[in-house]
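Contents: one structure, followed by commentary.
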Amino acid sequence: MPSVPTRPVRPAAPVPPVPVAAPGPDRSAVEAALAGLPRVVDLLAARAEEHDRDATFPYQGIEAVHEAGLLALTVSQRYGGPGGTLADTVRVLARLGRGDASVAVVTAFTLLQHAEQARRASWPAAGYRRLLTESRRGPALVNTLRAEPGGPTAALPTTVARRDDEGWLLTGRKTYCTGAEALAWMAVTARTDEPEPRVGTFLVRGESEGLEIDPTWDQLGLRASASHDVVLDAVRVPLELGLGLRTPGQEDGAEAELARAWHDLALAAVAVGVARAAEAWLIRFLNQRTPANLTEPLGTLPRYRAALGEIDAQLIGAEELLHGLAPRVDRGEPDAVGRTGPAHLLATRAAVTAVQQAVALTGNPGLSRRHPLERYLRDVLSSRVHLAPEEAVLDDAGRAALARGAKA
């Protein structure tokens, strides 16, 4: 999966984002897509164990998401889409996470790309029309490729874009590229080879000559996400598909904050969805499991009911946090965007703790490969890679609290 987008240093006073004016969502189209969620989740759950075991990409699952109209949920109405909001996105991803976390994560990054285009219209018109045409024919996955081997230690990307008479030639390696083998388009961050390098995003077709998928992804969880390395060797990119070229430090801070807010709540929703799936399995276990020394199932014992109640309370809190904050971001409330980092942290913590508690309650059965609970544990633990380092999130929150206190 790609690196977590860098959270810019927040100013002392919250600065509200200034979104691009866009039509509101087509609620009938959004609700029609959401109506297909239960069937899609069932289909994903039926194949999730197989794809996890074999670390194979869930093409059928992505196809089901596409056919339900969910993969293009955030395409703006100005482009003929339903214009789904962040609140809609959180709702969808929380449900998809119950079926297959890998499918949910792959879906999330495509939804985030369309949402960014709705706000900024950064893709050239012809390129985005091509993407939308492809998305009508079948799943057209998109992701931003930022992470590079060795982590974010350099001030500039090591991937280089060299200009010639025909456009750009990209050379470099990107790592943790979610959905790599199935991406229709890759938005690759790179620096130019100019005397004073600029940084930008270069739109690369997934089947481009000189592009190779290096199957490096062999992780504990999210095994079906195909988050492999992408190697670029003089990959040709048309001139107009080099976007947002700027000298370092000239980023649009408000847009970066808003993009980060969508990322925070979308990926947190996947983790909470996984935890809800774990809780559902635990409930069935407690209702059916009757140890030899008891005459009734474990669910009849107050200790187990209280433990289940603790899990449910944690997840209720996480859901209320996400589903309450997302509409505030959609409305452009000044302080909402600044709260999504802590919300991501708290929701992910709650999801991880809930699944760990479920495993502890079930003992050996919970860790058996014959049951899905151990997969939920691996997936929810792996979901933490989408979270910015906890120390950075908390330091940011502390700075904001100090700034508020100084004004009180």
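Residues Leu243 and Pro124 are in side-chain contact: their nearest non-hydrogen atoms beyond the backbone lie under 4.5 Å apart. Contact check for Val90 versus Leu325: no side-chain heavy atoms found under the 4.5 Å cut-off. Between Val92 and Val65, every side-chain heavy-atom pair lies at or beyond the 4.5 Å cut-off. Taking the side chain as every heavy atom from C-beta outward, Met186 and Asn143 never approach each other to under 4.5 Å. Side-chain atoms of Glu374 and Val359, non-hydrogen and from C-beta on, never get closer than 4.5 Å to each other. Between Arg98 and Val274, the closest side-chain pair of non-hydrogen atoms is not below 4.5 Å. Side-chain contact between Pro291 and Leu298: present, with at least one pair of heavy atoms (C-beta onward) separated by less than 4.5 Å. A 4.5 Å side-chain heavy-atom check between Leu132 and Ser135 finds at least one atom pair inside the cut-off.
For Glu207, the CD atom sits in a packed shell: over 12 heavy atoms of surrounding residues, nucleotides or ligands are nearer than 6.0 Å. Annotation for Arg173: atom CZ counts as buried by contact number, over 12 foreign heavy atoms lying within 6.0 Å. Within 6.0 Å of atom CZ in Arg331, more than 12 heavy atoms from other residues, nucleotides or ligands are found, so the atom counts as buried in its surroundings. Within 6.0 Å of CD on Glu310 lie more than 12 heavy atoms contributed by other residues, nucleotides or ligands.
Ser368 places no side-chain N or O within 3.5 Å of a backbone atom of Pro365 that could act as its donor or acceptor partner. Between the side chain of Lys174 and the main chain of Ala147, no donor-acceptor pair closer than 3.5 Å is present. Asp54 places no side-chain N or O within donor-acceptor distance of the main-chain N or O of Thr56, the cut-off being under 3.5 Å. Between the side chain of Asp88 and the main chain of Thr85, a donor-acceptor pair closer than 3.5 Å is present. Put simply, the side chain of Thr133 gets close to the backbone of Arg129: a donor and an acceptor are under 3.5 Å apart. In this structure, Thr189 contributes its side chain and Leu145 its backbone to a donor-acceptor pair below 3.5 Å. Looking at Ser208, its side chain does come within 3.5 Å of a backbone N or O of Arg205 through a donor-acceptor pair. Using modelled atom types, no side-chain atom of Glu134 and backbone atom of Pro139 make a donor-acceptor pair closer than 3.5 Å. At least one donor-acceptor pair under 3.5 Å links the side chain of Thr362 to the backbone N or O of Ala358. A donor-acceptor pair is defined here as one N or O able to donate and one able to accept, closer than 3.5 Å; no such pair exists between the side chain of Arg198 and the backbone of Arg191.
For the pair Pro58 and Ala224, the tightest heavy-atom approach, listed with the atom from each and the gap, is CD-O, 3.1 Å. The two atoms that bring Leu211 and Val235 nearest to each other are N-CG2, 3.8 Å, heavy atoms only. Taking both residues in full, the closest heavy atoms of Val380 and Ala271 are given as CG2-O, 4.0 Å, listed atom of the first, atom of the second, then distance. Residues Glu194 and Thr192 share a closest heavy-atom pair of OE1-OG1, 2.6 Å. Looking at every heavy atom in both residues, Leu70 comes nearest to Ala33 through CD2-O, 3.4 Å. When all heavy atoms of Glu148 and Thr159 are compared, the pair lying nearest together is OE2-OG1, 2.7 Å.
Atom CZ in Arg39 sits 7.0 Å away from atom CD in Glu67 (nearest 0.5 Å). The OG1 atom of Thr89 lies 12.5 Å from the CG atom of Leu322; values are rounded to the nearest 0.5 Å. Rounding to the nearest 0.5 angstrom, the gap separating the NE2 atom in His51 from the CG atom in Leu222 is 14.5 Å. Leu361 CG to Ile311 CD1: the interatomic distance, rounded to the nearest 0.5 Å, is 5.5 Å. To the nearest 0.5 angstrom, Arg378 atom CZ is 11.0 Å from Leu373 atom CG. The CH2 atom of Trp185 sits 14.0 Å away from atom CG of Leu141, with the distance rounded to the nearest 0.5 Å.
Ion pairing between Arg260 and Glu116 fails under the 4.0 Å rule for side-chain N and carboxylate O. Ion pairing of Arg276 with Glu319 is present here, as a side-chain N (NZ or NE/NH1/NH2) and a carboxylate O approach within less than 4.0 Å. Of the charged side-chain nitrogens involved, none lies within less than 4.0 Å of a carboxylate oxygen, so that Glu49 and Arg370 do not count as a salt-bridged pair.
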Any chance you could lay out the side-chain hydrogen bond (donor to acceptor under 3.5 Å, both in side chains) test for Thr178 and Ser225, step after step, and finish with the verdict?
CA-CA 6 Å; Thr178 298; Ser225 66; 5.1 Å; no
Go through Trp123 and Val142 one step at a time and tell me if the side chain to side chain contact (heavy atoms under 4.5 Å, CB included) criterion holds.
CA-CA 12 Å; Trp123 284 50; Val142 196; 3.9 Å; yes
Show the numbers, then the answer: is there a side chain to side chain contact (heavy atoms under 4.5 Å, CB included) between Leu258 and Val337?
CA-CA 6 Å; Leu258 190 52; Val337 168; 4.0 Å; yes
For side-chain hydrogen bond (donor to acceptor under 3.5 Å, both in side chains), just list the numbers for Thr175 and Asp229, CA-CA rounded to whole Å, side-chain angles, deciding distance to a tenth of an Å, and then say yes or no.
CA-CA 4 Å; Thr175 192; Asp229 282 12; 2.5 Å; yes
What's the verdict on side chain to side chain contact (heavy atoms under 4.5 Å, CB included) for His263 and Phe109, showing C-alpha distance, side-chain angles and the deciding distance?
CA-CA 8 Å; His263 176 279; Phe109 288 115; 4.2 Å; yes
Go through the steps for Leu387 and Asp264 under the test side chain to side chain contact (heavy atoms under 4.5 Å, CB included), then give the verdict.
CA-CA 7 Å; Leu387 179 66; Asp264 284 335; 5.7 Å; no
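Using a 3.5 Å distance cut-off with no hydrogens or angles, the side chains of Thr144 and Gln113 do pair a donor with an acceptor. Between the side chains of Tyr128 and His114, at least one donor-acceptor pair of N or O atoms lies under 3.5 Å. For the residue pair Thr216 and Asp214, no side-chain donor N or O sits within less than 3.5 Å of a side-chain acceptor on the partner.
In terms of the salt bridge (Lys or Arg N to Asp or Glu O under 4.0 Å) criterion, residue partners of Asp164 (sequence neighbours excluded) are, by chain and number, Arg236.
With ring centers used as reference points, Tyr376 lies 6.0 Å or more from Trp281.
By the 6.0 Å and 45° rule, Arg223 does not stack over the aromatic ring of Trp217.
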